[in-house]
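Encoded as structure tokens, the structure appears first; notes follow it.
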Amino acid sequence: QVRLVESGGGLVQPGESLRLTCAASGRDFRMYTLAWYRQAPGNEREWVAEITSYGSTTYEESVKGRFTISRDTAKNAAYLQMNSLKPEDTAVYLCNVAATNIWGQGTQVTVSS
């Protein structure tokens with residue numbers, strides 16, 4: 001069974017950091033692009049960042065310079081390092097295998113003082 005499981009979310013203050021993990025199982029995703037999305041209450045799901053099988057990365061404009069996406073093909077996992085967090089980063093963060101309907105269940109990130 002193909003499965004993505006996100007972890008690492010939590011409650012932090014503005015300016016702090018979190019590292020999210022997306023653990024994949026059931027299939028080897030090393031040849032796929034992996035992406036992170038987020039969805040805040042009442043908002044549409046928003047693309048955040050992605051990393052190709054070659055390690056090329058792209059980011060949504062508001063997170064450039066603060067977030068870093070990476071992957072470990074040996075562990076079949078992707079990560080999202082989030083620094084200098086802002087209240088507007090508050091959302092459920094979801095992992096996706098690009099161009100598929102394979103999604104994780106999400107992990108909540110709340111940035112609040």
Side-chain angles (χ1 to χ4, degrees):
Q1 181 183 1
V2 176
R3 195 171 176 215
L4 300 178
V5 178
E6 301 94 335
S7 61
L11 171 63
V12 296
Q13 295 188 345
E16 294 186 338
S17 300
L18 283 173
R19 185 180 189 236
L20 307 184
T21 297
C22 171
S25 60
R27 186 184 298 175
D28 185 347
F29 290 109
R30 70 181 68 202
M31 298 306 296
Y32 289 81
T33 292
L34 299 178
W36 284 97
Y37 285 74
R38 64 187 179 186
Q39 188 165 18
N43 288 4
E44 297 284 326
R45 188 169 292 182
E46 173 187 41
W47 171 83
V48 174
E50 66 184 40
I51 183 166
T52 70
S53 59
Y54 297 101
S56 177
T57 59
T58 52
Y59 297 91
E60 193 271 328
E61 195 64 34
S62 71
V63 308
K64 278 184 182 178
R66 301 188 298 122
F67 290 12
T68 303
I69 189 171
S70 60
R71 67 191 299 168
D72 185 332
T73 55
K75 294 183 178 179
N76 214 19
Y79 307 95
L80 187 68
Q81 177 68 42
M82 306 186 296
N83 298 330
S84 302
L85 282 162
K86 303 176 181 180
E88 52 263 43
D89 295 317
T90 295
V92 174
Y93 284 71
L94 304 106
C95 183
N96 167 249
V97 180
T100 77
N101 196 34
I102 302 171
W103 293 85
Q105 83 292 345
T107 185
Q108 176 71 46
V109 171
T110 302
V111 185
S112 175
S113 55

Quick one: closest heavy-atom pair of A91 and A40, and the distance? CB-N, 3.8 Å
S17 and N83 have their tightest heavy-atom pair at OG-OD1, 2.9 Å
Taking only residues at least two apart or on different chains, which pairs with a member in residues 85-97 satisfy side-chain hydrogen bond (donor to acceptor under 3.5 Å, both in side chains)? R38-D89, R38-Y93, R66-D89
Value rounded to 0.5 Å, distance of CZ in R19 from CE in M82: 11.5 Å
Using a 3.5 Å distance criterion without hydrogens, assess whether the side chain of E6 forms a donor-acceptor pair with backbone atoms of Q105. yes
Drop me the distance from L34's CG to S53's OG, to the nearest 0.5 angstrom. 9.5 Å
For residues T107 and G8, report the shortest heavy-atom separation together with the two atoms involved. OG1-N, 4.1 Å
From I69, V48, L85, L80, residue fulfilling side-chain contact (heavy atoms from CB on, under 4.5 Å) relative to V63: V48
Quick one: pull up NZ in K75 and SG in C22 and give me the separation to the nearest 0.5 Å. 14.0 Å
For S113 and P14, which heavy atoms make the closest approach, and how far apart are they? N-CD, 3.7 Å
If hydrophobic clusters are built by linking Ile, Leu, Val, Met, Phe, Trp and Tyr wherever their side-chain heavy atoms come under 4.5 Å apart, do I51 and V5 end up in the same one? no
Could you state the interatomic distance from OH (Y32) to OG1 (T100), rounded to the nearest 0.5 Å? 7.5 Å
Counting distance only, does the side-chain N/O of R71 pair as donor-acceptor with the main-chain N or O of T52 below 3.5 Å? yes
Nearest non-hydrogen partners of W36 and A78, listed with the distance: CZ2-O, 4.1 Å
Nearest heavy-atom contact between A49 and Y59 is CB-CD2, 3.6 Å
Between Y37 and W103, is the gap from one ring center to the other below 6.0 Å? yes
Give, for atom CG of D72 and atom CZ of R30, the distance between the pair rounded to the nearest 0.5 Å. 10.0 Å
Apply side-chain hydrogen bond (donor to acceptor under 3.5 Å, both in side chains) to E50 and list each qualifying residue two or more places apart in sequence or on a separate chain. W47
Under 4.5 Å between side-chain heavy atoms, hopping through other hydrophobics if needed: is there a path connecting F67 to L94? no
Test of understanding: clusters of I, L, V, M, F, W, Y form through side-chain heavy atoms closer than 4.5 Å, transitively. Do V111 and L11 belong to the same one? no
